[in-house]
Structure formats: C-alpha cells, structure tokens
Visitor: 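After the structure tokens below, expect a handful of questions from me.
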Amino acid sequence: MPDSIDFKSIERKWQEKWSEARCFQSNIQKGKQKFFITFPYPYVNGAPHVGHSYSCFRADVYARFKRMQGFNVLFPQGFHATGEPILGAVERLRKGDEKQIKSFKDYGVTDAQLEEFKKGPEQVARYWMQRWRDDLTLSGISIDWRRSFITTDLTPTYSRFIAWQYRSLKKKGYIVQGTHPVVYCPHDDSPTGDHDRLVGEGESPIEYTILKFSMPFENESLILPAATLRPETIYGVTNIWLHPKTPYVRAKVDGELWLLSEPAVRKLSDQGKKVKRIGPLDLSTLFGKTCINPVTNEDVLILPASFVSSENATGVVMSVPGHAPFDYVALRDLKRKIEKSTTNSLALEGIEFPRTILKQILEIHPLGLISVKGYGEFPAKDAVEKLKIYSQDERIKLDKATSEVYKHEFHQGQLSKRCGKYAGLTVSSCKEELVADFKGRQLASNIWEITDEVICRCTTKCHVKILENQWFLKFSDADWKQQVHSHLKHMRIFPEDARIQFTNTIDWLQNKACARKSGLGTKLPWDNQWIVETLSDSTIYMAYYTLSRIVNEHHLTAEHFTDEVFDHIFLAKNTPQEALKNSTLSPKLLEELRKEFEYFYPVDVRSSGKDLLQNHLTFFLFHHAALFDSRHWPQGIAVNGYVTVEGEKMSKSKGNFIPLRNLLNEYGTDLTRINMVAAGEGLDDADWKTETIAPFRRLLEFLYSTIQHPPTGGDGYGREEELLESRLNRCKRDSMEAYDRFEFRTASQCVFFESCHALRAYLRLSSKVNVGLMRRSLEDIVRMIAPLTPHMAEELWSMLQHEDFAACASYPSFNNEKIREDLEQEEKVLTDVASDVARILKLAKVKKPRLVRLFTAPPWKRRLLQTAINRAKETGYFDYASVLAVALKDEELKQRVPEVQAYIKTLAKAVNYYKTNPLPELDESQLLAQQKDVLERLLSCPVEVWAAENVPADKDKDGKARRASPFKPAIYVE
RNA sequence: GCAGGGGUGGCAGAGCAUGGUCAAAUGCGCAGGGUUUAGGACCCUGUCCCUUAGGGGUUCGGGGGUUCAAAUCCCUCUCCCUGCACCA
C-alpha cells in the first residue's frame with residue numbers, strides 16, 4: 001500500500017525552495033539560448049478561475065519543458081486594469097449592488113475589504129493583482145516576478161511606453177481619424193458595449209437608406225423620409241405607410257423640412273445631421289393625400305398602418321406589396337375591409353376616408369420588380385400564402401416570410417425592366433451603386449438603427465450614435481496586412497489548424513477604434529480627452545517585460561523614459577547621447593535596458609485562449625509589424641479552447657465558475673495542473689472532470705512507492721530489460737515531440753500511462769529486476785513528468801538522491817536504436833497467443849486448462865505469405881490465383897492441394913497489412929520456446945511448443961496443427 | 001448572412017493528412033476472477049450481436065460514389081459548437 005502522500009506540504013516545500021534558489025529569475029546568460037514565453041496579462045477584477053488556469057498552466061508546462069531542454073526561459077507576468085469594468089465594479093459596490101457584492105464574496109473577499117474597494121479602482125486593482133500573484137505562486141507557475149507591473153497610470157512608466165507606441169504609430173500613418181457608428185445610451189451618454197446591456201447582446205448598428213418622398217406642405221416641400229433596408233424596391237412602391245396613432249413632428253433636417261416620428265429626431269441629430277424640431281404635425285392632413293416617389297416620380301397615396309413602429313428608424317415606411325410581406329398583408333387587409341363596405345366613407349385604422357380615396361386604394365396593385373426562381377411575380381404574396389398569414393398582427397410569421405423573401409431576392413433575384421438602368425442586374429451586385437447614385441442625386445439619405453432592441457443596464461433604450469473624430473488603427477491598410485501575412489508564414493502556430501483562422505482574421509480586419517472617452521487607461525498623447533482603449537494598449541507590452549525588471553529594481557520614473565529613450569532601446573535609432581538628450585536616465589542603465597531587450601526579444605511563444613485569436617493575438621502581430629524590426633516580431637502563438645466544467649459551459653448562473661484556489665485547496669497543485677492540462681488539446685474545449693483526477697493520483701502514488709521501496713534484484717540484462725528500454729525510449733521520443741507541439745494530453749498519456757505501464761509490465765514479467773536499469777528508468781520518468789507535475793517530480797527527484805532541481809534538470813534524451821520494433825512485435829505475438837488461448841478457453845468452457853499445446857506454422861506457410869506479399873506489392877492487391885499457381889509448382893505442396901487452397905484464402909487480410917508494414921523477422925518456434933515460462937506464468941498451466949510439421953500424431957489428435965499460420969500458432973487446450 | 005470547427009462504442013476521447021492486423025488506442029464506468037482482516041488500492045480477464053475451439057455478422061450523423069479494400073478519399077444532405085469588434 002502506498003503511503004498516503006501529502007501533496008500540499010510537498011508543494012509548499014518545493015515552491016519555497018524554488019523561490020530561495022531563484023530558479024525562475026531569468027537574466028542574460030551569454031552563450032545560452034533564451035526562450036521568451038508569455039501568457040496574456042489578466043484583467044484584475046477577480047481571482048483566477050478554472051478558465052484562466054488552463055492557458056496559464058499550458059504556458060507554464062511549456063516554459064518548464066523548454067527550461068529542461070536547456071533554454072534560458074523568460075516567463076514574466078503583468079496585470080491589466082485598462083478599461084471600464086473595474087470602474088463599473090466600484091460604482092456598483094458604492095450603490096450596494098447585490099450581484100457585484102456576491103461575485104466578489106464568492107472569491108472569498110471580506111466585508112472590510114469590500115469597504116476598502118469603495119475607495120476607488122486602485123484598491124480593487126491592487127487587491128486582485130496580489131491575489132492573482134498569490135494564486136499563481138501557489139500553482140507553481142514558474143514566473144519571474146521581478147518583472148511584474150500593472151497597466152494604466154498606476155505604472156507611469158508603462159503609460160509612457162504606450163504613449164511612445166501611439167506616437168510612433170501615428171508618425172507612421174497607422175492612426176487615422178474618422179466617424180464611427182456605435183450603440184449608444186442617451187442617459188449614460190456613452191457607447192453601450194455588450195456587457196453593459198440589459199437586453200440586446202450581440203445587436204449591432206445597421207444602416208438604413210432613406211428615400212425622400214415629397215409633397216407640398218404650407219408653401220414648402222415636406223419630405224417623407226421612408227427608411228428601408230431594401231432601397232432597390234423603390235421601383236415597386238405603391239404607397240406610404242404612417243402609424244395612425246403615434247405622434248409625428250416636423251423638423252428641419254439639414255435645411256429640409258422632414259416628417260419624423262418623435263424618437264427619430266434625437267437619432268438623426270446624434271448621427272451627424274443638423275436637426276431642429278419645429279413642432280407636432282397632425283397626420284389627418286396627410287392621410288389620403290399623395291406624395292411623389294423621388295426616383296420614379298410617380299404619385300403614391302399616404303395610408304395608415306398599425307405595423308409601422310415609431311421606434312424604428314424614421315417612422316415613415318414605403319410600401320412595396322409585391323416584395324414585402326408586411327406591406328402585402330397590410331394592403332390586403334385594407335382592401336378587404338373596403339370591399340365589404342358600401343358606405344360613402346369608411347374608417348381605416350381609425351382614420352376616416354371618403355369614397356373617392358377608398359376607390360383609389362382599391363386600385364393599388366402590387367408591382368413586381370424582382371424575378372426569383374421558385375416564386376411567381378409577387379414573391380411577397382407567395383410567401384404569405386405559403387405560411388398562411390391572415391393578419392398583419394402575425395409578426396413572427398411575417399418576419400420569417402420577410403427574411404425568406406429577402407434572402408432569395410438578394411442573392412438570386414434579378415431586377416426587372418421597371419428598374420430603369422438597373423434592369424437585368426442582381427440585387428446583390430447593384431445595391432451599393434444604386435444607393436450611391438440616389439444619394440448623389442439628393443434623392444436619398446441614411447439613418448442608422450440597431451438590428452434589434454438594446455436596453456442599457458441603466459434601463460434606457462439605446463440608439464445609434466455616430467461618434468465624430470474617432471481615432472482608428474488603420475488595420476485596413478493593404479501593405480500592413482501584407483506584412484503580417486508574410487510574417488505569419490514563418491511563425492509556429494499551435495495547433496497548426498489555427499493558422500487559417502489567423503489568415504482570415506488578417507484579411508477581415510477593418511479599421512478599429514482605438515480610443516475611448518471613459519474608463520481607466522493611458523491618455524492618447526496628442527489628444528487628452530481620449531484614453532487608449534483596452535485591446536489597443538495591450539499589443540506590444542511583452543517588450544515592456546524586458547525593461548520592467550530594471551524599472552522596478554532601480555525605481556525608474558516616467559521622466560526617465562522619453563520617446564528618444566524608447567527609440568534607442570527598441571530600435572537602436574539613435575546614439576545613447578541623442579537618446580538621453582531630455583532624460584536623466586544614466587547611460588549605464590540605458591545600455592542595460594537595451595541589452596536586455598536585445599537578448600530576450602522577440603516573444604517566442606504566446607499562449608492564449610482562442611477567444612483572443614480574432615482580436616488581441618492578431619493585433620499583437622499587426623503592432624509588432626508596425627513598430628519593430630522584423631527580427632523582433634513574434635515567433636509563435638499557441639491557442640487553446642475554452643474550458644467547460646463537467647461537460648457544461650461555465651457561467652455565473654450555473655455557479656460553476658470554480659475559483660482556481662478552491663481546486664488547489666482540494667486537490668493540490670499538481671493534480672489540478674495535470675488534470676486541467678490533459679483535459680483538452682488543440683482548439684477543442686477542455687472539460688474539467690473530477691473523476692479523471694484519480695488515475696493520475698494513482699500513477700503518482702505508484703511512482704512514489706516504487707521509489708520509496710525500490711525492488712531488489714541484480715544486474716542481469718536480457719529480453720525484458722531490452723523491452724523496457726525500448727518502450728521508455730519510445731515514450732521519451734513521443735513525449736518530447738508532444739510537449740514541443742503543445743499537445744499536453746498526448747504528452748500526459750505518454751509520460752504517465754505508457755511509461756508506467758511499461759514499468760509495471762517489466763516488474764511483473766522480470767524474474768530478477770535489474771536495479772540499475774530500474775533506477776535509470778525512474779529518473780527518466782520523473783523528468784518526463786516534471787513539466788506537468790513539477791512538485792511531485794521534485795520530491796521524487798530528491799528521493800532519488802539528486803541534489804539539483806528536477807525543474808532545472810535536462811529532459812531525458814532518447815536513443816532511437818534502443819527502440820526495438822522486433823522485440824515489441826514479439827511481445828505482441830505473445831500477448832496475442834495468450835488472448836487467443838483465453839478466448840478458446842471461454843468458448844470451450846474450460847475453466848482451468850491442464851495443458852496448452854502450441855503448434856507453430858510450417859515453413860511453407862511463411863513462404864506462401866511472403867509470395868503473396870511480394871505479389872501484392874507489384875499489383876497492389878491480393879492475388880489469390882497467382883499465389884496458388886506458385887504453390888502448385890512446389891512438389892511438396894502439390895500433394896496437399898485442398899489444405900494449401902484453404903490456407904491461401906485466409907491470407908487476404910494479412911497480406912494487405914504486410915504490404916505496407918514490415919514482415920517480422922522473428923523465428924516463432926524459437927521465441928515461443930524461449931518464452932515458454934512466461935507463457936506458463938500468464939496461463940498458469942504447462943505449455944508445450946511444437947512445430948506443426950513435426951508433431952507426432954498422438955500429440956495432435958484433433959488435427960489442430962493444420963490451423964497454424966505465421967505469427968498465429970495453432971492452439972490445443974485440454 | 002460571413003468565417004472557422006465538429007458529429008466515432010455506456011461516457012470521455014484517439015484514429016482520419018499517408019485507405020488495408022480498426023470491432024477501433026487510452027482513461028472512466030460496468031461485470032467476473034485474484035490479492036486483501038474488510039474497504040480502498042493493486043493485478044488479470046471480459047464489456048456491439050451471434051457462436052460449446054480462436055469463427056461469423058452489423059457498426060464510426062444520413063444518403064450516394066471511387067476502390068480488390070473506406071471511420072479514413074470524393075459528392076450531397078443534416079445536426080451541433082464558436083467568433084463577427086470598440087468589448088475584456
């Protein structure tokens with residue numbers, strides 16, 4: 001029984017020893033190759049949980065592996081406070097928000113600490129930063145803490161660094177100014193990101209075209225701005241819809257008189273238009289009148305419809321009954337009502353219309369302007385009938401019909417001759433041109449709307465605002481993209497499948513707003529009202545790690561770091577004298593900073609979750625390409641999937657956001673690490689499952705007790721020893737490759753299961769253990785598991801009487817020549833025999849055999865197999881006839897044609913296999929004879945081995961010997 | 001809609017690039033046996049269906065194709081997951 005291992009005290013012990021020995025502090029070492037690995041700095045508004053720990057453990061496993069491969073590994077860790085959430089949390093705490101309080105308390109925060117948080121964001125950030133640091137230390141992450149820092153003004157030198165970055169980008173023309181539509185809360189007076197929304201996550205701004213219908217009104221021209229996503233249908237407009245009951249107003253919009261729904265006034269004025277509200281407008285003066293279609297110049301009636309929403313766009317809708325299901329149904333409803341009545345006037349939607357107008361309404365007919373396969377002249381009609389829509393109140397069905405019709409018309413639809421110069425074109429191909437054309441002729445304008453309702457956390461309804469003078473990173477720049485593309489080709493990407501996603505992201509990236517007006521962060525150096533936005537200030541900070549040790553140790557301040565200093569350190573653009581022109585930094589430190597950067601840069605690999613692939617990781621490449629010499633661009637990126645817990649996505653509501661510390665307390669670090677890191681591979685999600693911990697624990701206990709109570713024996717070296725060496729060398733080779741490719745699930749299989757199995761099999765089979773080999777094997781295994789379970793490895797390493805650290809030992813090297821395919825094939829023959837025997841025993845219902853007799857195949861069978869294989873290699877397939885022909889030439893075989901025929905027929909499968917795999921060289925009879933005692937032990941009965949061709953008749957009464965084939969001896973049991 | 005990934009045995013998860021010892025690694029679960037004072041752990045065996053001698057049958061989301069041979073290649077259908085930005 002293994003002594004119960006106290007993982008936790010072992011872990012604390014080694015963490016202290018590592019720290020005392022400064023194992024993970026990385027300094028320039030001349031002649032030793034460096035390896036720089038990073039894990040994205042976490043945002044400090046909480047403690048690490050399972051999700052974070054996955055990428056982080058992966059980075060650490062790799063760091064440790066590389067260290068054991070002899071690299072001078074730099075693994076630093078900083079923290080991130082830029083942005084809104086910390087401010088938001090403070091605000092919510094001050095308001096006494098229950099959710100916020102709970103979310104902090106779940107991580108073990110005390111009431112006193114919560115009070116402290118209310119003082120401001122710095123208290124929050126610093127607290128969580130320390131908590132992260134503690135948890136990572138408890139996790140045994142091999143970080144050089146001397147280089148730690150936190151973003152924003154809390155680290156003025158870092159802000160200086162960001163200022164340098166942005167000034168440099170601007171000089172190079174990568175920062176441009178422009179306008180940008182955002183979802184906006186009028187109450188908070190700020191953009192409303194996904195996380196700030198009560199309703200409407202994932203909704204985004206979309207641009208409607210406004211078509212300016214017009215009519216005379218009090219000696220002026222009144223514009224009816226019909227908003228649409230389908231401007232091409234202007235050619236099929238039959239009327240205008242207004243809501244009969246909601247208030248409309250008159251407003252001056254860029255000098256014109258417009259009719260607008262009340263909410264549209266604010267929207268348009270937030271979207272860069274000059275809007276002046278004049279006053280309410282009584283719609284009864286409009287209904288039944290006509291206005292002019294700006295494109296076709298046709299007169300169209302103005303009619304009431306209750307499906308029109310004053311909340312959406314302008315509140316003015318153009319009716320295209322041939323192609324818009326809503327319009328079709330609304331018009332149909334009106335006409336039905338009119339047809340049923342005989343009175344002189346009639347109220348429609350609460351508006352009284354005289355007979356003359358009613359007659360005009362009856363004369364309105366849908367117009368067909370887009371022809372689509374699968375639909376008749378009026379697709380809207382077809383769709384409405386197909387879905388059996390009876391009234392304009394059936395919104396869900398109508399929405400479905402609308403999107404269906406639109407999808408087909410957009411991609412396949414062809415505009416008809418009604419559409420003037422666009423006739424014959426598809427909608428998708430001419431839409432842009434058409435809009436530009438109408439806008440150019442002042443017939444059209446635009447309004448932004450949100451794809452669906454968005455309500456801010458403050459419960460205010462949001463709309464789209466166009467931000468003016470927004471600063472952008474010019475990711476659309478073709479040359480910039482090209483640089484990143486060509487660099488990507490030279491990078492290592494783990495897993496390789498992720499490369500295509502980077503390629504696509506680089507192409508897809510557009511200009512990105514890089515500054516915000518609120519939140520924590522570094523001010524844009526040339527425009528103080530803006531703060532550099534979160535994702536934009538975290539793109540090249542890895543370079544700052546090369547400076548931060550010196551900054552921290554020498555208490556350097558922002559004043560020391562001018563742009564000239566950074567230019568010198570990072571780019572060697574100027575002489576030290578020029579660099580220090582406006583700085584009080586000492587020349588000696590300047591030189592040290594420069595050397596540190598030159599030595600450690602570039603980043604060799606960055607390990608991160610796939611959620612950052614399309615933003616941070618790609619920005620990281622762009623910014624490096626823009627700012628640094630190409631030899632300092634990132635060398636590798638490792639991406640991993642998300643973490644699920646017991647098969648379920650993590651979420652606050654499910655309460656399965658397990659804090660990392662809980663796991664550490666429960667299972668200890670090593671088991672948490674290995675169970676996490678082996679839970680997934682590649683881009684797949686990693687599932688944290690408690691039940692998979694036990695097998696790892698057992699294996700560790702097995703190693704522990706084997707080392708604690710080593711088996712006694714001698715120094716004999718034979719087949720069993722060779723086999724063990726073969727298997728372990730295979731493990732060493734495979735694990736090294738797996739580690740190197742960030743495939744830690746595979747690596748863990750190899751170093752835990754396979755190597756321990758090999759060791760166990762050896763202990764079981766060998767009659768006298770080779771003590772020296774045993775020790776060497778254990779040393780190999782301990783070092784193989786060291787990156788995954790570093791603390792236990794350290795303990796075991798010391799139990800093996802090593803004075804140095806396993807963490808700094810070298811990864812065991814493998815010897816290809818010791819990998820003995822032949823031995824392992826032989827082993828397979830033996831286990832196959834054993835399992836065949838077991839099978840027979842079961843079928844024959846023999847419980848305990850008294851005797852097992854094995855008959856090895858006669859040489860002619862092997863010869864024929866070889867013949868068939870050779871033939872198959874020539875022709876590519878198993879050729880029964882030609883093998884038989886060869887056999888018939890043989891005088892001996894001619895005597896027993898039926899047996900030969902039967903045998904050849906059984907060869908098909910084996911031949912197909914050996915066509916591409918080497919045929920074992922081994923001599924079966926010799927092998928079985930040699931291993932007789934092993935087989936006897938396995939089968940626990942006496943075993944006899946006979947060559948089939950020499951077996952005396954009384955030893956083979958049932959004629960079993962004839963069944964023998966190469967590597968599959970015939971078996972007789974009694 | 002655009003882009004990327006995926007559907008394998010009771011479960012998790014390999015294998016599919018280079019088609020063939022693939023009824024499919026490994027782990028978990030389950031069953032039987034051994035060991036043990038007992039439990040745990042450990043070791044052996046089995047775990048799609050049929051079969052009293054190692055045999056046969058049907059499987060890798062559905063359908064079709066290529067091939068002597070397909071979980072693996074091609075086509076098609078279907079279902080699922082993820083991202084789509086100013087947000088960390």
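Chain naming here is simple, since letters A, B, ... match the order of the sequence lines and numbering starts at 1 in each. Only a predicted model underlies this, so the values are computations on that prediction, with no experimental measurement involved.
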Visitor: Can you tell me the pairing partner of G83(B) across any strand shown, Watson-Crick or G-U wobble, with both distances under 3.5 angstrom?
Guide: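 Answer to the pairing question: C2(B), which forms a Watson-Crick or G-U pair with G83(B).
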Visitor: Round to a whole Å and report the spacing from CZ of F619(A) to P of A88(B).
Guide: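 In whole Å, A88(B) P and F619(A) CZ are 12 Å from each other.
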Visitor: Is K968(A) salt-bridged to D836(A), going by a charged N under 4.0 Å from an acidic O?
Guide: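 Result for this pair is yes, salt bridge flagged.
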Visitor: Between A88(B), A85(B), U26(B), spot the one nearest the side chain of H757(A), thanks.
Guide: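 Nearest listed nucleotide: U26(B).
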Visitor: Once you apply the 3.5 Å cut-off to both distances, tell me the Watson-Crick or G-U wobble partner of U47(B), or none.
Guide: G29(B)
Visitor: Once you round it to whole Å, what is the distance between P of G4(B) and CG of D507(A)?
Guide: 11 Å
Visitor: Find the distance R760(A):CZ to C42(B):P and express it as a whole number of Å.
Guide: 7 Å
Visitor: Round to a whole Å and report the spacing from CG of L87(A) to P of A88(B).
Guide: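 Computing the L87(A):CG to A88(B):P distance gives 10 Å.
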Visitor: Describe the nucleic acid contact of L535(A) in one word from base, sugar-phosphate, nothing, applying a heavy-atom distance below 4.0 Å.
Guide: base
Visitor: Between the side-chain atoms of Y914(A) and the base atoms of U21(B), is any donor-acceptor pair under 3.5 Å?
Guide: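 Indeed, a donor on one side and an acceptor on the other fall under 3.5 Å apart.
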Visitor: Could you walk me through whether V183(A) and E203(A) pass the side chain to side chain contact (heavy atoms under 4.5 Å, CB included) check?
Guide: CA-CA 9 Å; V183(A) 175; E203(A) 305 301 339; 5.9 Å; no
Visitor: Examine R741(A) relative to F494(A) and say whether NZ or CZ is less than 6.0 Å from the centre of the six-membered ring and inside a 45° cone about the ring axis.
Guide: no
Visitor: Look at the side chain of Q749(A) and the base of A25(B), then say whether one donor and one acceptor between them are separated by less than 3.5 Å.
Guide: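 There is none.
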Visitor: Rounded off to whole Å, could you give me the CG-to-P distance for the L613(A) and G83(B) pair?
Guide: 13 Å
Visitor: Let me know the distance between CD of E681(A) and P of A25(B), rounded to the nearest Å.
Guide: 18 Å
Visitor: Using a cut-off of 4.0 Å between protein heavy atoms and nucleotide atoms, how would you tag nucleotides 47-57 of chain B 5' to 3' with B, S and -?
Guide: ----BSBBB--
Visitor: Can you tell me the distance, in whole Å, between the CG atom of N504(A) and the P atom of C2(B)?
Guide: 14 Å
Visitor: E84(A) near the nucleic acid: base, sugar-phosphate alone, or nothing, with a heavy-atom cut-off under 4.0 Å?
Guide: sugar-phosphate
Visitor: Under the ring pair (Phe, Tyr, Trp, His ring centres under 6.0 Å) rule, collect the residues that match up with F472(A), sequence neighbours excluded.
Guide: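 In terms of ring pair (Phe, Tyr, Trp, His ring centres under 6.0 Å), with neighbours along the sequence ignored, F472(A) is linked to H180(A).
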Visitor: Classify T746(A) by what it touches in the nucleic acid, base, sugar-phosphate, or nothing, heavy-atom distance under 4.0 Å.
Guide: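 Result for T746(A) = nothing.
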Visitor: What's the spacing between D684(A) CG and R745(A) CZ if we round to 0.5 Å?
Guide: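 Spacing of CG (D684(A)) from CZ (R745(A)) equals 7.5 Å.
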Visitor: Paired with U35(B) by Watson-Crick or G-U wobble geometry, both distances under 3.5 Å: which nucleotide is it?
Guide: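 Base partner found: none.
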Visitor: Counting the atoms with a prime plus P, OP1 and OP2 as sugar-phosphate, which does H80(A) contact under 4.0 Å by heavy atoms, base, sugar-phosphate, or nothing?
Guide: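 Answer is sugar-phosphate: H80(A) comes under 4.0 Å of backbone atoms only.
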Visitor: Nearest whole angstrom, please: distance from the P of G15(B) to the CD of E743(A).
Guide: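 Interatomic distance, CD of E743(A) to P of G15(B): 9 Å.
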Visitor: What nucleotide among G5(B), U82(B), U26(B) has an atom nearest to a side-chain atom of Y642(A)?
Guide: U82(B)
Visitor: When all nucleic acid strands are considered with a 4.0 Å heavy-atom cut-off, which category describes T692(A): base, sugar-phosphate, or nothing?
Guide: nothing
Visitor: Any strand counts, and the cut-off is 3.5 Å on both contacts for Watson-Crick or G-U wobble. Which nucleotide pairs with U72(B)?
Guide: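 Paired with U72(B), as far as the under-3.5 Å criterion goes, is no nucleotide at all.
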